[in-house]
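Just below is one structure, and these are the notes that go with it.
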2 protein chains.
Amino acid sequence: MTDSPKNDVSVAADEKKIPKAVIKRLSLYSRMLQELEHKNITKISSKELSDLLGMNPAKVRKDLAYFGQFGVPGLGYYVSELKAQIKRILRTDREIRVALIGVGHLGQALLAYGGFLRQSFRVVAAFDTSPDKIGRTFNGVKVMSTEHLEDQIRTLGADIVVLAIPAENAQATVDQVVRAGIRAILNFVPARIVCPEAIKVHYVDLGIELESLSYYLKD
Amino acid sequence: MTDSPKNDVSVAADEKKIPKAVIKRLSLYSRMLQELEHKNITKISSKELSDLLGMNPAKVRKDLAYFGQFGVPGLGYYVSELKAQIKRILRTDREIRVALIGVGHLGQALLAYGGFLRQSFRVVAAFDTSPDKIGRTFNGVKVMSTEHLEDQIRTLGADIVVLAIPAENAQATVDQVVRAGIRAILNFVPARIVCPEAIKVHYVDLGIELESLSYYLKD
DNA sequence: TCTATCTTGTGACAAAATTCACATACTAAT
DNA sequence: ATTAGTATGTGAATTTTGTCACAAGATAGA
């Protein structure tokens with residue numbers, strides 16, 4: 001049952017622009033497929049998968065179609081195979097090296113929060129400016145001074161920087177990690193940061209999420 | 001940040017459907033206007049505001065136009081007035097009562113994180129199942145047992161529930177708060193939760209945010 | 001008051017994302 | 001083998017979202 005990848009399509013070839021939302025959903029599918037695999041479910045249809053995630057089956061198929069043909073008509077998708085394909089697409093089939101900058105409450109929570117750092121992600125460094133924090137270990141990660149941030153990021157070969165620092169220092173820190181060659185930033189700082197186009201920044205704005213909910217409290 | 005399936009609501013007077021994204025941006029404008037006001041800047045054009053936020057000026061104007069005419073041609077917007085209007089629209093001109101469920105690392109971080117709980121938001125309760133936590137105080141909020149969750153939520157008059165608990169308990173907890181009359185949930189649990197259409201759920205999925213970044217690490 | 005200069009608010013347009021719907025292709029069961 | 005049933009992959013239709021461009025309103029300076 002584990003064979004039969006039919007049409008294989010490489011990820012390299014696609015020069016089409018993939019919407020950001022598609023990538024997020026791929027990530028969602030990946031996690032769900034993981035769960036299904038864990039439950040020893042071997043195959044699943046786009047309908048079933050979309051039901052589990054509360055979305056539209058055609059969307060699931062279209063999302064996958066950006067990258068190739070992974071399904072079997074009349075049957076659906078093989079869970080393990082699809083999971084593997086998606087992980088390949090997302091590049092989570094290898095180790096991703098994460099550097100956390102800012103070990104305040106949020107930073108510590110991120111280090112400890114299981115849902116955040118899964119499988120392929122590995123925190124290779126944590127940085128903070130506070131002497132109280134430097135040298136301490138949180139979840140097996142030792143906090144370093146930000147003094148030689150740029151060099152450290154480079155030396156440790158970090159792929160992604162997670163930014164959880166006060167807004168005031170954000171831009172300067174971004175400039176440093178950009179110089180260090182970082183290409184992706186997960187930004188928890190509630191401020192706009194400016195950096196070269198080529199660098200991918202995801203904003204997570206917890207304040208906005210809460211505040212915008214308030215709108216829907218109408219009677 | 002992900003979001004719940006369909007369902008959208010409109011503000012009382014004009015029955016137009018307001019896109020969710022518009023509401024999020026309103027929240028963003030609100031915060032920026034706050035900063036501007038703090039800097040004693042009294043007026044601002046859509047161009048200036050959009051530059052500060054890295055977006056398109058027409059979008060700013062269109063967003064505001066959903067709710068009325070707040071600007072002055074040839075001048076722009078009066079910062080204080082626009083801020084007040086947006087706060088009125090978002091209903092953040094009154095106190096919003098928040099209940100936090102789950103005082104683990106993430107919950108504690110949320111309690112402590114300045115960017116999260118601003119001004120009009122007030123945490124009226126925190127709940128946890130762990131006897132280690134119950135009775136302790138975090139950031140001035142005393143942790144209660146989840147035993148009488150439904151009654152407590154009702155009694156305290158919470159408007160929004162923030163969910164930061166393990167995935168296993170999420171659905172059961174949601175059922176309880178829904179029975180207690182909650183109409184908005186900020187969900188940090190990486191699992192889909194099912195609840196009545198009328199209840200607004202915002203998903204914040206930290207794992208997905210990180211994982212989807214990995215896609216962009218291609219050489 | 002007049003004029004030059006802004007900037008809004010919005011209709012028209014464009015782009016993007018989602019959903020529909022169906023030809024096609026595979027399965028499974030007899 | 002044949003057939004009934006199922007589910008994919010994808011053009012076409014639809015909906016949603018974002019951008020352009022400009023008439024009209026307002027300012028400010030002379």
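Chain identifiers are assigned alphabetically (A, B, ...) following the order of the sequence lines, protein sequences preceding nucleic acid strands; residue numbering begins at 1 within each chain.
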| note | Rounded to whole Å, CZ of B/F67 lies from C1' of C/dT8 at a distance of 18 Å
| task | Check whether any side-chain N or O of A/Q69 sits under 4.0 Å from OP1 or OP2 of C/dA25, and answer yes or no. | result | no
| request: Measure from CG on B/L75 to P on C/dA4 and round the result to the nearest Å. | output: 21 Å
| Just wondering, do B/I160 and A/L210 contact through their side chains at under 4.5 Å, heavy atoms? | yes
| field | Spacing between A/K43 atom NZ and D/dT8 atom C1', to the nearest angstrom | value | 14 Å
| Within this structure, what is the CG-to-P distance between B/L82 and C/dT8, rounded to whole angstrom? | 10 Å
| said: If I take atom CD1 in residue A/I44 and atom P in nucleotide D/dT6, what distance separates them, rounded to the nearest angstrom? | reply: 17 Å
| task | Kindly give the heavy-atom pair with the smallest separation between A/F127 and A/V103, and that separation in Å. | result | O-CG2, 3.4 Å
| task | Ignoring backbone atoms, establish whether A/S46 has a side-chain N or O less than 4.0 Å from OP1 or OP2 of D/dA7. | result | no
| To the nearest Å, how far apart are B/F70 CZ and C/dT8 C1'? | 13 Å
| message | When you compare the side chains of B/S214 and A/R91, does any donor N or O come within less than 3.5 Å of an acceptor on the partner? | response | no
| request: Kindly give the heavy-atom pair with the smallest separation between A/A158 and A/I182, and that separation in Å. | output: O-CD1, 3.4 Å
| message | Using a 4.0 Å heavy-atom cut-off to protein, can you give one letter per nucleotide of nucleotides 12-21 of chain D, 5' to 3': B if the base is in contact, S if only the sugar-phosphate is, - if neither? | response | B----SSBBB
| request: Could you tell me which non-hydrogen atom of B/E37 sits nearest to which non-hydrogen atom of B/S80, and how far apart they are? | output: OE2-OG, 2.8 Å
| request: Kindly say if A/Y77 contacts the phosphate of D/dG9, meaning a side-chain N or O under 4.0 Å from OP1 or OP2. | output: yes
| task | Flag yes if more than 12 heavy atoms outside A/H202 fall under 6.0 Å of its NE2 atom; otherwise flag no. | result | yes
| task | Mind calculating the distance between CD (A/E48) and P (D/dA7) to the nearest angstrom? | result | 7 Å
| Taking all atoms of both residues into account, what is the closest heavy-atom pair of B/K83 and B/S30, and its distance? | CG-O, 4.2 Å
| task | Let me know the distance between CG of B/L64 and P of C/dG9, rounded to the nearest Å. | result | 7 Å
